Amino acid sequence: MAGEKKRDFGNVRKLASGRFQVRYRGPDGRLRPAPHTFDTKRAAQRWLKLKDAEIAQGDWFDPEAGACSFGEYAAEWVKDRDLTRKTRRTYEDLLRLHLNPTFGDMYLNAIKTADVRRWRAARLRRKKGKGQVPKAYRLMHAVLNTAVADKLIRENPCQIEGAGLEHSEERPVLSVAEVFKLADAIKPRYRALVLLATFGNMRWGELAGLRRRNLDLDKRTVRIRETVTDVGGLYQGKPKSKAGYRVVSLPELIMADLREHVETYAAPGPDGFVFVGVRGNQLRRGNFSKYWADACDAVGLEDVHLHDLRHTGNTYAAEAGASLRELMKRMGHSSSKAALIYLHAREEREREIADRLGERVTEELRGKRNDSDGGDDPPLPGAPV
DNA sequence: AGAAAGTACTGTGCCAATCA
DNA sequence: TGATTGGCACAGTACTTTCT
């Protein structure tokens with residue numbers, strides 16, 4: 001008591017109602033009332049003590065800090081990030097369509113894990129847009145992680161195991177015959193596009209952005225240097241990653257078609273696009289998809305996407321014995337994970353061949369035993385002729 | 001190394017504008 | 001006047017990077 005001033009941390013007072021109110025001073029010096037009143041003075045003092053300890057340990061959160069709506073905070077979050085147009089757009093859509101209808105007006109500190117769980121369950125019950133749920137969840141998680149870092153909320157309410165995971169179905173692999181059937185069926189102007197997507201392992205955006213000077217018919221190579229994306233108007237971009245810049249060599253098989261295509265359909269000059277519309281306009285997904293659908297119909301293929309050609313071509317390359325590194329280079333992948341999928345496919349194929357081989361041998365042995373005649377079956381696959 | 005998070009791309013459908 | 005093109009909203013998928 002030697003003149004030491006007692007810290008004015010807070011006080012308890014009796015209200016006219018007979019209940020007790022607590023007020024405490026936060027680290028910022030402002031006096032705040034407790035969120036509720038107390039039956040007894042004892043309970044009120046106890047609460048004040050706990051609050052004191054919380055502040056002393058640096059665990060205190062400004063209760064008003066989280067009093068910012070999720071919608072506003074998320075909008076700022078997106079704005080502050082250095083995102084590409086496309087991603088920005090995706091995030092804005094996810095917020096508007098999936099998150100804000102539920103959380104937009106809620107205060108950050110009011111969102112509980114149970115709310116998130118309920119939201120997710122409701123969304124997953126819907127017929128459409130199920131696939132957007134994990135994406136929206138991940139975005140919300142990321143936004144709220146920032147809110148935690150900003151000390152606006154104590155912890156992230158997005159704590160649902162596996163909610164951010166997506167599993168996509170395996171895409172089909174076409175046979176060489178099917179690829180050529182498609183190439184025959186599609187408008188002649190896009191025949192080369194089908195072949196190049198397959199045997200050059202190219203993405204749509206890479207095909208749409210391909211310029212004549214990057215297609216070397218003598219060296220049989222295609223250089224991937226720029227891509228086209230299509231969001232609120234077309235714009236030129238760069239490949240997905242560093243590895244996306246690449247040179248892919250092409251099989252002789254398709255060179256005649258490519259040559260003919262360039263002579264007949266490509267835009268003029270080295271900077272001209274290899275693939276253009278009837279009126280010389282740059283290709284757009286939305287417009288191309290009709291021709292693609294028609295070709296698929298004509299051939300009787302269902303649920304085949306243009307992108308599947310890229311995978312198909314890669315599976316061919318894997319089956320032809322390309323190494324992991326070579327596959328990565330062809331596809332323009334920067335990590336081995338994606339390419340490993342195709343090696344998997346190759347292994348399965350080899351197992352299939354081995355199985356068939358085994359069956360044939362068994363059959364043949366059985367046949368030998370049954371009729372003494374050896375028969376004149378064709379040779380086994382891989383057997384010396 | 002595998003899971004999780006983060007980012008960027010592809011696919012579909014519809015409607016309006018424009019061109020041949 | 002029908003085919004082509006542009007624009008947009010929404011859905012779906014592929015890939016890279018970071019975390020554990």
Side-chain angles (χ1 to χ4, degrees), chain A residues 77-78 81-99 101 123 126-146 156 158-172 187 189-190 193 197 201-209 224 226-244 246 276-294 296 302-311 314 327-328 331-342:
Chain A
W77 187 90
V78 171
R81 280 188 178 222
D82 188 22
L83 304 172
T84 68
R85 266 170 89 168
K86 194 95 190 180
T87 306
R88 185 174 303 277
R89 185 60 175 271
T90 304
Y91 285 177
E92 285 166 357
D93 288 351
L94 286 173
L95 285 169
R96 182 169 39 82
L97 298 168
H98 300 274
L99 294 171
R123 288 271 154 175
R126 291 187 180 189
K127 274 227 171 75
K128 271 200 135 187
K130 269 188 206 166
Q132 305 301 96
V133 177
K135 247 195 296 279
Y137 175 86
R138 290 199 309 251
L139 175 61
M140 182 170 182
H141 185 268
V143 170
L144 293 179
N145 262 353
T146 308
N156 194 329
C158 294
Q159 300 290 343
I160 303 167
E161 192 103 354
L165 289 181
E166 301 182 62
H167 55 276
S168 32
E169 303 223 336
E170 208 166 296
R171 299 302 312 162
K187 274 180 102 150
R189 150 181 304 278
Y190 302 120
L193 189 147
N201 305 102
M202 290 173 73
R203 302 180 173 101
W204 163 261
E206 294 165 347
L207 290 161
I224 288 107
E226 51 193 325
T227 63
V228 172
T229 40
D230 193 348
V231 45
L234 288 169
Y235 73 102
Q236 296 297 125
K238 291 176 182 161
K240 216 166 176 172
S241 64
K242 232 183 191 172
R246 62 197 193 276
V276 289
V278 177
R279 293 178 205 154
N281 294 311
Q282 210 175 338
L283 289 188
R284 306 179 74 102
R285 277 198 329 276
N287 301 332
F288 175 78
S289 63
K290 193 158 64 73
Y291 307 123
W292 174 253
D294 289 347
C296 288
E302 270 177 35
D303 195 34
V304 175
H305 300 161
L306 182 75
H307 201 72
D308 297 333
L309 294 179
R310 174 172 145 87
H311 292 302
N314 201 43
L327 286 180
M328 281 169 63
M331 294 290 272
H333 286 155
S334 62
S335 87
S336 56
K337 285 187 185 164
L340 270 173
I341 296 166
Y342 301 97

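Since we're looking at a predicted model, the values are computed, not measured. Every chain is numbered from 1, with letters handed out A, B, ... down the list of sequences.
Residue-level contact check: A:Arg96 touches the backbone only, with heavy atoms under 4.0 Å from sugar-phosphate atoms and none from bases. Backbone-only engagement by A:Tyr291 is indicated by non-hydrogen atom pairs under 4.0 Å involving sugar-phosphate atoms exclusively. As judged by a 4.0 angstrom heavy-atom cut-off over every strand, A:Leu139 is placed among residues making no nucleic acid contact. Contacts of A:Gly205 with the nucleic acid, taken as non-hydrogen atoms under 4.0 Å apart, involve only primed sugar atoms and P, OP1 or OP2.
Nearest to the side-chain atoms of A:Arg284 among the listed nucleotides C:dG6, C:dA14, C:dG12 stands C:dG6.
Nearest-nucleotide mapping onto DNA chain C: of A:Thr90 and A:Gly280, the residue sitting toward the 5' end is A:Gly280. Between A:His98 and A:Lys187, the residue anchored nearer the 5' end of DNA chain C, judged by the nucleotide with its closest heavy atom, is A:Lys187.
For the pair A:Asp93 CG and C:dG7 P, the computed distance is 18 Å after rounding to whole Å. Rounding to whole angstrom units, CZ of residue A:Arg88 and P of B:dC9 are separated by 14 Å. Taking atom CG of residue A:Leu207 and atom P of nucleotide B:dT10, one finds them 9 Å apart after rounding to whole Å. Rounded to whole Å, the distance from CG on A:Leu94 to C1' on B:dG6 is 12 Å. If you take OH of A:Tyr91 and P of B:dA5, they are 12 Å apart, rounded to a whole angstrom. What separates CG of A:Leu193 from P of B:dT10 is a distance of 12 Å, to the nearest Å. Nucleotide C:dT18 holds its C1' atom 13 Å from the CG atom of A:Asn145, rounded to whole Å. Between the CG atom of A:Asp294 and the P atom of C:dA3 there is a distance of 11 Å, rounded to whole Å.
Here the side chains of A:Leu94 and A:Lys135 are in contact, with some heavy-atom distance below 4.5 Å.
The base of C:dT13 lies close enough to the side chain of A:Lys135 for a donor and an acceptor atom to sit less than 3.5 Å apart.
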Exercise for the section: Apply side chain to side chain contact (heavy atoms under 4.5 Å, CB included) to A:Leu139 and A:Thr90, showing your working. Expected result: CA-CA 10 Å; A:Leu139 175 61; A:Thr90 304; over 6 Å; no

Practice task
Check the pair A:Thr146, A:Val143 against side chain to side chain contact (heavy atoms under 4.5 Å, CB included), reporting the backbone distance first and the verdict last.
Solution key: CA-CA 5 Å; A:Thr146 308; A:Val143 170; 5.8 Å; no

Handout entry: Pair A:Val78-A:Arg88, side chain to side chain contact (heavy atoms under 4.5 Å, CB included): steps then yes or no
Key = CA-CA 7 Å; A:Val78 171; A:Arg88 185 174 303 277; 4.0 Å; yes

Exercise for the section: Output, in order, the C-alpha distance, side-chain angles, deciding distance and verdict of side chain to side chain contact (heavy atoms under 4.5 Å, CB included) for A:Asn145 and A:Trp77. Expected result: CA-CA 11 Å; A:Asn145 262 353; A:Trp77 187 90; over 6 Å; no

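Taking five base pairs at each end of the helix from B:dA1-C:dT20 to B:dA20-C:dT1, the local helix axes there meet at an angle of 30°, rounded to 10°.
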Handout entry: Summary of protein contacts for nucleotides 11-20 of chain B, nucleotide by nucleotide, where a base hit scores B, a sugar-phosphate-only hit scores S (4.0 Å, heavy atoms)
Key = BB------B-

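Residue A:Arg310 places at least one side-chain N or O closer than 4.0 Å to OP1 or OP2 of C:dC15.
Between A:Phe288 and A:Tyr190, the two ring planes are perpendicular [angle over 60°; tilted spans 30° to 60°].
Residues passing the ring pair (Phe, Tyr, Trp, His ring centres under 6.0 Å) test with A:Tyr137, sequence neighbours excluded: none.
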